[in-house]
Amino acid sequence: MKIKIQRDNIKEYETDLHDSTLLEFLQNIKTTVDSTLTYSSGCRSGVCGSCAVRVNSKEVLACSHKVKDGDLVEPLRNCDIIRDLVVDMDKAYSFNNKAKAWQSKDSQNILLSPENEKINEIQTDCIMCSSCYSACPVYAVNDDFLGPFSLTRIWRYVSDKRETSPEEKINTIQTNGVWDCTLCNECTIVCPQDISSKADIEKLRARSAMHGFIDPNVSNFDSGFGFDGSPSF
Amino acid sequence: MKYDVIIIGAGGAGLVCAINAKEKGANVLVLTKEYPTRSQTSMAQGGINAALGNADEDSVESHIQNTLKSAHGIADEKAVRFLCENAPDAVHWLDNIGVPFSRTKESKIAQRKLGGASASRACYAQDYTGLKILHTLYDKCISLDIDIKNEKYLLELLTNHDEENKAFVCGVSVLNKRNSEIETYESKSVILATGGYSRIYHTHSTNSVSTTGDGIAVAHRAGARVSDMEFIQFHPTALKNSAILISESARGAGGHLLNSKGLRFTNELAPRDEVARAIDDEIQKGEDVFLDIRHLGEHFINEELPQERKLARLYENVDPVFDLLPIKPVAHYTMGGIEVDSNSMTNIDGLFAVGECANHKVHGANRLGGNSLLELVVFGRQAGENAYYYSKEFNKSTTLSHNTDSSSLFKSSSDKINFYDKQKLIGEIFYKNVSIKREKEKLLQSLEEILKIKEQLPSMGIKDKSKIYNTNLIEFLEFKNILEICELVIHSAIKRQESRGAHYRTDEPREKDEYKKHSVIPKDCEINYED
């Protein structure tokens, strides 16, 4: 089995492993062939979010991807590369701070029904691997976009009965937030936990509208109409 | 001094400490070798115990008695009482900061039964309990603007001695993984929350590759007492090929263990030490062992055990809705660790320890499922507050003299012997001989093999000389910690000439009263037995 790995240059590696995960392949190379090969890993079972990389231009968890001959492995996008497949996640994580992705204050033994819990069950499956962040095309034009996983986290909290100030949360995501998303769905396609940030962003848009916020793109479009109502291009 | 409290480790234990110290008013810094949310806590599946009685009748006293029974006589009853009495409040605190627990029809926190428990006591969030607790703790930390520095690998604790020649901690030195510079941080108190040492078994463990016992090795080098190192829990049901964990909740819900003949051979809900031994007996007879949850039905499995199904399909190519899951027991949790008192403080003043790296003496010889997430919350809250109170009283003068030149880490070693091969070999030796069943001769032989590897250490080292994110270097430092821990474990296992809980000696198959004690290892000293 031969694969290519994007390091300073693209390098080819071969092992005699069969039916192995990409992580097992990388570990094999590191411990027997080339100890300079650099990647991140942790739980090896898809829950710690350490080992996300791109294989053939699609984000995957190395521990969950079965290697195929000829695979091209690259680091995540939209992050600074530290070395080989290791990227600096500090900026990606900082969007949780900027989005204020937390419960505003401790609740006092509020009762939640199974329905209350189910409303954001899948969003709380997020492992913060940043696959969605890497796949998001908005960063090409807006470096400050709060991004898919942070916005999913906002939905997780505003939809929770224990959150006392959902309107403040909605307020925070009006700039560089829900309206900057192009709804391209790339985040949904790559999520290893089957979360759709795109769908969460749509729900947050609806919630924003309920709080009186309007899509700035639409209002721009409106302003492009002439006084007589005919479009002025 | 810049910091009141420095916490090493950003798993569940570390983050609980950070939140509680910060809320008291402490100036807190968290240092982690990875990122928060990537820790071992994310892998906890089954639940967190508290006698809430939401599913059936339960009492704090039953929780205490179940825990003591499973501990086989060497738990500290006072510590166990503190743990169990504070459990309901700990779970309500998690609920109040936003942990998305599964719920009952009556809108209460859902609870299920795990091994060794007399009631349905484990509060859960599907089979993602640890993940969801950890991420909620992280969110709470960022809401409090807690300073967390990522990718700092713990090298040593910095200690001084006071006028009475008593050691006290005054900071830490860490390696910045991104540039291989040594950084020192001064602090009035330090909390170690660095996790256990199950990865000494290498791939024969359910644990993250990072669970290498760093904090325990570092603390012991600094003079902290460690104890009960021989007690290592094997989880009965890991996937056969990958050693990936399948939660005890699968058996709690009614899953069966079957041998190759399709026969049940043990009480699936006995404590883990008993179930692991029963499985090992079958395997020794030449049987394969399977977990059967088919009769629970697809709907139940999807609702309550979604992660188990996903893991089984991905790593074993088996769908547990329709097929038997091949399993084996592997190392899962280490009961031993840094000895702490009832305030979570070690024998070094100002040095605290919490979570799997610590020994609060609540698990004794065998931990109950659902008690480890609990301990990190109950003792994490306590340690965070106590570290803060200690720092307020702190008035000692300190001198920090520490090597901040990392070049020696790169120079000193040769690489004639590949340490990765030795790490694998250690895992094999331990899985074979320092395992579910142990025997004196094999333990002695294993000790010899470990000491031989230790002698070869000068011929091992790193091939990668880069200063940028050198994981070859980090893994070598972890390997050296593993080697130190291995020696402590084998010595403790040889010396305890009896069987108790997870420490089972085929040559000494009974519990003996003279060993109804904790094995304690002070720095550079022989093992003592203490009450």
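Here is how names work: the chains are called A, B, and so on, in the same order as the sequence lines, proteins then strands, and each is numbered from 1.
- The side-chain heavy atoms of Gln307(B) and Gln193(A), taken from C-beta on, include no pair separated by under 4.5 Å.
- Within the 4.5 angstrom heavy-atom criterion, only side-chain atoms of Gln126(B), from C-beta onward, approach chain A.
- Of the listed residues (Lys118(A), Arg156(A), Lys105(A), Gln27(A)), the greatest number of heavy-atom pairs within a distance under 4.5 Å of chain B belongs to Arg156(A).
- For the options Ser104(A), Cys126(A), Ser41(A), Gly46(A), heavy-atom pairs under 4.5 Å to chain B are most numerous at Cys126(A).
- Contact check for Tyr420(B) versus Lys30(A): side-chain heavy atoms found under the 4.5 Å cut-off.
- Residues Thr21(A) and Tyr315(B) meet the side-chain proximity criterion, which asks for heavy atoms closer than 4.5 Å.
- Between the Asn96(B) side chain and the Ser107(A) main chain, a donor and an acceptor come within less than 3.5 Å of each other.
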Criterion side chain to side chain contact (heavy atoms under 4.5 Å, CB included) on Met43(B) and Ser45(A), from CA distance to verdict
CA-CA 8 Å; Met43(B) 299 172 72; Ser45(A) 56; 3.9 Å; yes
Inset, instruction - Carefully, step by step, assess Glu117(A) and Ile109(B) under the rule side chain to side chain contact (heavy atoms under 4.5 Å, CB included). - result: CA-CA 10 Å; Glu117(A) 184 246 334; Ile109(B) 291 170; over 6 Å; no
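- Note: Ser466(B) leads Ser466(B), Ser210(B), Pro306(B), Ser39(B) in heavy-atom pairs under 4.5 Å with chain A.
- Interface remark: Thr211(B) contributes no atoms to any contact with chain A (heavy atom separation under 4.5 Å).
- In this structure, Asp90(A) does not pair ionically with Lys149(B), as no charged nitrogen and carboxylate oxygen lie closer than 4.0 Å.
- Using a 4.5 Å cut-off between heavy atoms, Ser40(A) touches chain B through its side chain atoms alone.
- Checked by atom type and distance alone, the side chain of Arg44(A) pairs as donor or acceptor with a backbone atom of Asn207(B) at under 3.5 Å.
- The heavy-atom pair separating Lys463(B) from Ser35(A) by the smallest distance is CB-OG, 3.1 Å.
- Between Arg162(A) and Asp95(B), at least one side-chain N (NZ, or NE/NH1/NH2) sits under 4.0 Å from a carboxylate O, which counts as a salt bridge.
- Using a 4.5 Å cut-off between heavy atoms, Lys310(B) touches chain A through its side chain atoms alone.
- Classification of Glu115(A) and Lys105(B) as a salt-bridged pair fails, no side-chain N sitting under 4.0 Å from a carboxylate O.
- With rounding to the nearest 0.5 Å, the separation of OG1 in Thr124(A) from CG in Asp139(B) is 11.0 Å.
- A distance of 7.0 Å separates CG of Asn470(B) from OG1 of Thr38(A), quoted to the nearest 0.5 Å.
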* Asked: Run the side chain to side chain contact (heavy atoms under 4.5 Å, CB included) check on Met89(A) and Glu34(B) step by step: do they pass?
  -> CA-CA 10 Å; Met89(A) 303 296 277; Glu34(B) 323 177 291; over 6 Å; no
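- When each of Trp93(B), Tyr128(B), Tyr469(B) is checked for heavy-atom pairs under 4.5 Å with chain A, Tyr469(B) comes out on top.
- Side-chain contact annotation: Tyr138(B) with Asn96(A), donor-acceptor N/O pair under 3.5 Å absent.
- Residue with the most contacts toward chain B among Asp125(A), Asp160(A), Leu111(A): Asp125(A) (heavy-atom pairs, distance under 4.5 Å).
- Side-chain contact between Asn109(A) and His92(B) is present, with at least one heavy-atom pair separated by less than 4.5 Å.
- Looking only at distances, no side-chain donor or acceptor of Gln103(A) sits under 3.5 Å from a matching main-chain atom of Val99(B).
- Heavy atoms of Phe101(B) lying under 4.5 Å from chain A belong exclusively to its backbone.
- Considering only heavy atoms from C-beta on, Ile127(A) comes within 4.5 Å of Leu131(B) through its side chain.
- Between chain A and the residues Thr471(B), Asp464(B), Thr37(B), the most heavy-atom pairs under 4.5 angstrom are made by Asp464(B).
- The distance from the CD atom of Gln423(B) to the OG1 atom of Thr31(A) is 9.0 Å, given to the nearest 0.5 Å.
- Here the straight-line distance linking atom NZ of Lys66(A) with atom CG of Asn317(B) works out to 4.5 Å at 0.5 Å rounding.
- Counting heavy atoms from C-beta outward, Glu121(A) and Lys132(B) have side chains that approach closer than 4.5 Å.
- Residue contact with chain B, scored on non-hydrogen atoms closer than 4.5 Å, involves the backbone of Tyr39(A) exclusively.
- At most 12 heavy atoms of other shown residues, nucleotides or ligands fall within 6.0 angstrom of atom CG in Asp16(A).
- For the pair Glu151(B) and Asp88(A), the minimum side-chain heavy-atom distance is 4.5 Å or more.
- If you take OH on Tyr157(A) and OG1 on Thr136(B), they are separated by 4.5 Å, rounding to the nearest 0.5 Å.
- For chain A, the nearby parts of Asn472(B) are the backbone and the side chain; heavy atoms of each come within less than 4.5 Å.
- Among Ser42(B), Ser143(B), Cys141(B), Ser242(B), the residue making the largest number of heavy-atom pairs under 4.5 Å with chain A is Ser143(B).
- In this structure the side chain of Ile82(A) reaches within 4.5 angstrom of the side chain of Ile468(B), judged on heavy atoms.
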* Let me see the working for Ile142(B) and Lys100(A) under side chain to side chain contact (heavy atoms under 4.5 Å, CB included), right down to the final yes or no. => CA-CA 8 Å; Ile142(B) 58 171; Lys100(A) 301 191 177 175; over 6 Å; no
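- With a 6.0 Å radius and a threshold of 12 heavy atoms from other residues, nucleotides or ligands, Lys240(B) has its NZ atom at or below the threshold.
- Contacts of Val86(A) with chain B are made by side-chain atoms alone, with heavy-atom separations under 4.5 Å and no backbone atom involved.
- The SG atom of Cys48(A) sits 7.0 Å away from the CZ atom of Arg38(B) when rounded to the nearest 0.5 Å.
- Contacts of Ala125(B) with chain A are absent, with no heavy-atom separation under 4.5 Å from either backbone or side chain.
- Within 6.0 Å of the NZ atom in Lys161(A), the count of heavy atoms belonging to other residues, nucleotides or ligands exceeds 12.
- With a threshold of 4.5 angstrom between heavy atoms, Gln40(B) does not approach chain A through any atom at all.
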